[in-house]
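The structure presented is a predicted model; accordingly, all values stated were derived computationally and were not measured. Throughout, numbering of the chain's residues begins at 1 and tracks the sequence.
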Amino acid sequence: MVAPLYTTASGLLFHAGKILVVTVGLPARGKTHISRALERYLRWTGVKTQVISLGDYRRKVLGGAQKLPPDYFSLGEKSPETMQLRQRIQDGCEQLIWDFFNSGGQVVIYDANNGRVELRQKLAEKFDPAGIHVIFLESLCDNEEIIMQNIRSVKISSPDYRGWDPEKAVADYYQRIKNHETHYEPVEEITWPSIRILNVGEKIMVNQIRGYLQSRIVFFLMNIHNTPRTIYFARSGQSLIEHSYKADSDLSPAGWEYAERLKEFVLDRRAKALKQRGLDGEDRRLVIWTSARRRSHHTAWPFLNLTSDQAASLLPGPLPRVKVIEKPQMSEINPGVWDGMTPDQVKRFYPDEWERFVRDPYAYRAPRAESYHDLCVRLEPMLIELEREKEDLLIIGHASVIRCMLAYLIGLPASEIPAIEVARGDLIEVVPTSYGVQSQAYHFWDGPGRSDASGGSGKDEYNFYENYAEDTKGKRRPQVVEDVQKVA
């Protein structure tokens, strides 16, 4: 069950009470990545969740790493001034935690090292008397490849090293890790509930985890990883019968042309992205998800029919490895009795239902139809598979499905899902990072079937949900970058 429609007087869901998740671990063990991913998932389920990052708060109050005393990150003897600074930051973070709980929040993820038993014990004893369930979430790592990968990722994305020379940033961060290793104490106490993760999902150990919401947290953490990958979204090509949900029609001639252009653009864009990130494309496979509808699955056919000669004309190197998987759960939203109707027709023939839809486009279900909430519930297993997938992923889907998946990845509230504009002819690129998600849209198609913000000529207004976003001012749409270099 995701994004519950009900509310409670306390604002708390699933009879779970308030939960404080305290992260534990050395630097470059994936704590921030895990914290942000868990926050995104819990918010998707409707739980009021907030990551309180000690590092972010310290940077906000004191500035970047270059502005700190030399002994700030060492765990040995420190000067009185450094001790005061560290205590000031810790007290400030704890006050932010109290403020969030007092304002109706349910789950706080306290993203910090918390590497000493004494400090963890004191922290838990402060919040436990207030009825707040404390869980220690430890991230362990004995895989040097993962550690170095995390260091390189932090070198690129951490605000601490913005403007630094890359090699100096790596050396500084590596020294910070060595300083912490000497004094680090793993979570071996069984006094408090705990979750211990080895190598970001390779192995997970739990202690005293109880209740539905705590179990959902464990379930989610069992399915995540931090392998670098890129997720692409594109709408399926134009079909012969665009306006009918029931008609499972094939692609139109323009739809097949669109599919060929999508293949060329995706392979070219992916090759550039891999090269930019210093990754070897030969060892990586492109996985393509489509729905079971013909127009979606057939849009992926050119990737399967790629010959060596075609690949050589598009990209240097060997033939890209591609795997296409049909996902029946990714079928478009069912419009019910509104199938094949324009918004004006719905207003005229179903005025009462239209008024209810306008008041809450996310939750309202038309007669014999699905609401966006129903669609999100249907897609939840796909989101877990999305978290598990380690290869680069291209999702060729319907606009309603892409809206829901994008909202999950980017962290948009459910109320904004119906207003997300997804245009045919735009490739949306999403790159998960330790400190958030980077997203960008690239425009590659202007042919028939294109539906743009200005109401392009190819728009089929009879397909209610697929080509009609919520009638609001300022529809949310990813920033589009025009294709400045055409693929040969």
Side-chain angles (χ1 to χ4, degrees), residues 1-8 10-23 30-53 56-57 96-97 99-111 132-133 135 137 195 211-226 231 233 360-363 371-388 401-420 430-439 476 478:
M1 180 65 177
V2 296
L5 293 179
Y6 70 88
T7 58
T8 62
S10 64
L12 309 181
L13 300 179
F14 308 120
H15 306 283
K18 298 179 180 180
I19 300 174
L20 173 60
V21 179
V22 179
T23 68
K31 297 187 302 298
T32 297
H33 169 79
I34 292 171
S35 298
R36 298 295 177 183
L38 180 59
E39 176 191 44
R40 183 175 68 240
Y41 176 72
L42 291 178
R43 285 182 173 178
W44 177 257
T45 65
V47 177
K48 296 178 181 177
T49 308
Q50 182 70 51
V51 170
I52 305 294
S53 170
D56 288 347
Y57 183 76
L96 290 178
I97 295 173
D99 291 344
F100 183 74
F101 280 135
N102 292 334
S103 64
Q106 184 167 7
V107 176
V108 169
I109 304 168
Y110 181 34
D111 180 16
I132 297 170
H133 305 285
I135 300 174
L137 173 57
I195 305 169
Y212 175 79
L213 185 54
Q214 294 185 25
S215 300
R216 293 296 292 186
I217 291 174
V218 173
F219 167 73
F220 176 77
L221 295 176
M222 292 173 67
N223 288 281
I224 64 172
H225 62 86
N226 68 341
I231 304 169
F233 293 92
D360 192 351
Y362 170 77
S371 66
Y372 271 102
H373 174 73
D374 297 329
L375 179 59
C376 289
V377 172
R378 166 153 59 91
L379 288 173
E380 186 189 14
M382 301 304 307
L383 301 179
I384 298 300
E385 288 194 48
L386 188 68
E387 294 288 356
R388 290 177 60 88
V401 172
I402 294 176
R403 287 180 186 124
C404 295
M405 289 186 163
L406 269 181
Y408 168 75
L409 287 172
I410 300 176
L412 299 179
S415 59
E416 293 193 19
I417 291 176
I420 300 174
V430 178
V431 182
T433 67
S434 296
Y435 286 85
V437 173
Q438 300 172 357
S439 61
R476 182 178 289 270

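Summarising the geometry of Leu12 relative to Gly105, their closest heavy-atom pair is CD2-O, 4.0 Å, with the distance given to 0.1 Å. When every heavy atom of Ile132 is checked against every heavy atom of Phe101, the shortest pair comes out as CD1-CD1, 3.5 Å. Of all heavy-atom pairs spanning Thr23 and Asp111, the tightest one is OG1-CA, 3.3 Å. The two residues His133 and Ala16 come nearest to each other via the heavy atoms CD2-O, 3.5 Å. For the pair Cys376 and Ile417, the tightest heavy-atom approach, listed with the atom from each and the gap, is SG-CD1, 3.8 Å. Val437 and Arg40 get closest at one heavy-atom pair: CG2-NH1, 4.1 Å.
How far CG of Leu386 is from CG of Leu379: 10.5 Å, rounded to the nearest 0.5 Å. Atom-to-atom distance recorded for Ile402:CD1 and Met405:CE is 9.0 Å, nearest 0.5 angstrom. With rounding to the nearest 0.5 Å, the separation of SG in Cys404 from CH2 in Trp44 is 5.5 Å. Interatomic distance, OG1 of Thr433 versus CD of Gln438, reported as 5.0 Å (0.5 Å rounding). Separation of atoms OH (Tyr110) and OG (Ser53) is listed at 9.0 Å; rounding is to 0.5 Å. Taken to the nearest 0.5 Å, the CG atom of Leu42 stands 8.0 Å off from the CD1 atom of Ile19.
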Fill in: Check against side chain to side chain contact (heavy atoms under 4.5 Å, CB included), Val108 and Val21
CA-CA 6 Å; Val108 169; Val21 179; over 6 Å; no
Discussion item. For Val430 and Leu406: C-alpha separation, side-chain torsions, deciding distance, then whether side chain to side chain contact (heavy atoms under 4.5 Å, CB included) applies.
Written reply: CA-CA 9 Å; Val430 178; Leu406 269 181; 3.9 Å; yes
Practice prompt. Assess whether side chain to side chain contact (heavy atoms under 4.5 Å, CB included) is satisfied between Arg403 and Phe233, documenting all intermediate values.
Written response: CA-CA 10 Å; Arg403 287 180 186 124; Phe233 293 92; over 6 Å; no
Discussion item. Go through it in stages, so that I can follow the logic: the residues are Val218 and Ile195, the test is side chain to side chain contact (heavy atoms under 4.5 Å, CB included), and I'd like the CA-CA distance, side-chain angles, deciding distance and then a yes or no.
Written reply: CA-CA 8 Å; Val218 173; Ile195 305 169; 3.7 Å; yes
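Taking the charged nitrogens against the carboxylate oxygens, Glu39 and Lys48 have no contact shorter than 4.0 Å, which rules out a salt bridge. Glu385 and Arg388 are not joined by a salt bridge, as no carboxylate oxygen comes within less than 4.0 angstrom of a charged side-chain nitrogen.
A parallel orientation is assigned to the rings of Phe220 and Tyr41, their planes being inclined by less than 30° (bins at 30° and 60°).
Using a 4.5 Å heavy-atom threshold, the side chains of Ile109 and Gln50 count as separate. Counting heavy atoms from C-beta on, the side chains of Ile135 and Gln214 come closer than 4.5 Å. The closest side-chain heavy-atom distance from Glu380 to Tyr408 is not below 4.5 Å. A 4.5 Å side-chain heavy-atom check between Leu13 and Leu213 finds every atom pair outside the cut-off.
Side-chain atoms of Gln106 come within 3.5 Å of backbone N or O of Gly17 as a donor-acceptor pair. Put simply, the side chain of His33 gets close to the backbone of His225: a donor and an acceptor are under 3.5 Å apart. Under the 3.5 Å distance criterion, the side-chain polar atoms of Asp56 are left unmatched by any main-chain donor or acceptor of Ile52.
Ring to ring, Tyr212 and Phe14 are close: their centroids are under 6.0 angstrom apart.
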